[in-house]
Engineer: 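Encoded as structure tokens, here's the structure I'll be asking about.
Below, each value reflects all heavy atoms present in this structure, side chains not excepted, and no hydrogens, waters or symmetry copies.
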Protein chains: 2
Amino acid sequence: MKPLDSPSGMNRRVLLSTLAMLPAMSAALGPLSASAQFAPSVGLLPSWNDGPAKQAIFDFVRATIARSSPSYVFPEDRIAVFDQDGTLWVEQPMYTQVVYCLDRVPVVAAKKPELRNVEPFKTVLSGNREAIARLPMRDLWKILAATLSGMPVEEFKAEVKAWLETARHPRWNRPYTELVYQPMLELLRYLRDNAYKTYIVTGGGQDFVRVFAEKVYGIPPEQVVGTAEGTKFGYAKDGKPFLTKEPKLLLNDNNAGKPEGIHLMIGRRPYAAFGNSTGDRQMLEWTGAGAGARLKMLVLHDDATREYAYGPAQGLPDSKVGTFTQALYDEASKDGWTVISMKNDWRHIFAFE
Amino acid sequence: MKPLDSPSGMNRRVLLSTLAMLPAMSAALGPLSASAQFAPSVGLLPSWNDGPAKQAIFDFVRATIARSSPSYVFPEDRIAVFDQDGTLWVEQPMYTQVVYCLDRVPVVAAKKPELRNVEPFKTVLSGNREAIARLPMRDLWKILAATLSGMPVEEFKAEVKAWLETARHPRWNRPYTELVYQPMLELLRYLRDNAYKTYIVTGGGQDFVRVFAEKVYGIPPEQVVGTAEGTKFGYAKDGKPFLTKEPKLLLNDNNAGKPEGIHLMIGRRPYAAFGNSTGDRQMLEWTGAGAGARLKMLVLHDDATREYAYGPAQGLPDSKVGTFTQALYDEASKDGWTVISMKNDWRHIFAFE
């Protein structure tokens, strides 16, 4: 009998004895023997439905971790990168960080009363949601600059942490940190269990995401790459050094900025990349341009019932947040990227379901 | 009998049985019992002489890894940062990367003949060492820009790799990558063995150091923070994406740029920092400003016989390369940083000795 092709390098005997100790898994031994290539996946990624997306993940991992594989990747080279907004957690109806910045405006205005009669702060303070939604990008930048810089890095961290504890998503009335996709948490863990170093590569603020990434995703600060502004080193009156967040953009980690950010912060080409919008296109292209097996996946939000439906790819409603164009969909089809249908590929979306 | 205070959390019985299996170490059991606090260090850091520097390392590691210690640090928070030039390898008579850039000038001039009659390239091509040494900083920047940017990142990597294989240090006639300090290699390994993640934080080029850091120091590319320039994402004629190194400074990883770079690339305050010049001052201050046990060490090059002697601290000859001022020495004394005397603290300097 051909030994099972196990990703962990276990032979069949070890695998069987391991499975025998796991009642939930040993029940699956029948079908396991019948289709040996599915063996390592039994019981893994339980929130994923069987299908091409789940299979693409297993095929990739098997191809890169089996010593005998022509696409074998040394453990130290195993890098997987994940976009955050819309890929790991909900980004609708508005990016969480933008909600944070809008929520901070009253605090900032209390410290600087002169802002109260100045746009765009005046509009934000009015609470007029429609007017806020109409603010042009240059006004949004002013709000981001005013709320994301000017304070010591430790103070910013504490502010974000405190906000995350009380802020609630309007649709589910739950903390934003609970609105993470359970299938992706399982995927992160599965990749790490196979020696992949998992990184976030987000258009969101690097310092913002670092506050919760370790607790929520098991991803430490040094593995969060994001849009980054400079800091300025200085001394307090007592001589103690501190770093102040500056409104000076170092890395715009969107579009072409994603592979540029990966080079800056990681210095290796990833073997797997996960995104959900046009902002992730270049990251997936850069990943795919490497030799050997490379996994490129895009989450398509096509489930208005359980989450949201937006594209405009595949005739889904258009969206300014997390745009997934038909051109991106076509590129994915042409270049062998895998599109994850939230509706069809995910059995569960949230842990609280 | 009081149990030995072991950094690895082993109790005395386990420690003794472990030692009994190591003949070289069991011979030391006598003095070990007499001075329990030295126990975990027997056989470790063999290229270090016993003394305050070696002891400071052991004290720090013990304080941060013993679960019962008030300064215990969770493994995921254990970050140690190392300057490179003059701290991990030789920086005299000239920074290795500058030698590389000067060596590249003929290659660049062959591709762009118009540079042959333009300063500072003309002077570099003349081979007149004294004239080259007199080039002002603005001219050096022109040479760095011309030789460190304008090419795809993969091409740069291959160029540096090829150069390192043939270039030789004028004094020892050995590859630069052999001129690494054996005591520091032992220290890197000792810290990693105790779950410290070791980073290089260098004023040198991030992409330059990444080429050899993994092989020479066991430090992967993503743990090399250095002076960094931007890259630009683009497509080749065949549609394949590539990144070009751009002459656009993102991070000047010297002086205040070191803590700024640590925040940008790591996002955690280090527990240990090692340097050798005024360019490392702010990095050590930033490290020292954290709570609990923090190790701050500076290598003083006071051994002209085996390596070089320069300061001008402590009356040593002044140097433009790797300047260690008396003010830095005084700050170290005042704030409890440890100065490593190359002459007194290092039994061996190089592996080839």
Engineer: Counting C-beta onward and ignoring hydrogens, is there a side-chain heavy-atom pair between A/M265 and B/Q206 closer than 4.5 Å?
Structural biologist: no
Engineer: A quick test of your reading: do over 12 heavy atoms of other residues, nucleotides or ligands sit less than 6.0 Å from CZ of A/R189?
Structural biologist: no
Engineer: What's the verdict on side-chain contact (heavy atoms from CB on, under 4.5 Å) for B/F233 and A/M283, showing C-alpha distance, side-chain angles and the deciding distance?
Structural biologist: CA-CA 10 Å; B/F233 182 86; A/M283 175 168 80; over 6 Å; no
Engineer: Please classify the contact between A/E246 and chain B as side chain, backbone, both or neither, with a heavy-atom cut-off of under 4.5 Å.
Structural biologist: neither
Engineer: Only pairs of heavy atoms separated by less than 4.5 Å count here; which of B/D77, B/V224, B/D207, B/I79 has the most with chain A?
Structural biologist: B/D207
Engineer: Check B/L243 against A/P259 and note the closest heavy-atom contact, atom names and distance.
Structural biologist: CD1-O, 3.7 Å
Engineer: Specify which of B/E229, B/K197, B/Q282 makes the most heavy-atom pairs with chain A at under 4.5 Å.
Structural biologist: B/Q282
Engineer: Between A/K258 and chain B, which part of the residue has a heavy atom less than 4.5 Å away: side chain, backbone, both or neither?
Structural biologist: neither
Engineer: Given A/K240 and B/E285, is the salt bridge (Lys or Arg N to Asp or Glu O under 4.0 Å) satisfied, shown in steps?
Structural biologist: CA-CA 8 Å; A/K240 198 173 168 174; B/E285 289 172 344; over 6 Å; no
Engineer: Would you say the side chain of A/E222 lies within less than 4.5 Å of the side chain of B/Q223, judging by non-hydrogen atoms?
Structural biologist: no
Engineer: Quick one: pull up NE2 in A/H263 and CD in B/E154 and give me the separation to the nearest 0.5 Å.
Structural biologist: 8.5 Å
Engineer: Can you name the nearest heavy-atom pair linking A/P221 to B/G267, along with the distance?
Structural biologist: CB-O, 4.0 Å
Engineer: With a 4.5 Å limit on heavy-atom distance, are the side chains of A/R210 and B/R268 in contact?
Structural biologist: no
Engineer: Would B/K232 and A/E260 pass as an ion pair if we require N to O under 4.0 Å?
Structural biologist: no
Engineer: Go through the steps for A/L250 and B/L264 under the test side-chain contact (heavy atoms from CB on, under 4.5 Å), then give the verdict.
Structural biologist: CA-CA 9 Å; A/L250 288 186; B/L264 176 69; 4.0 Å; yes
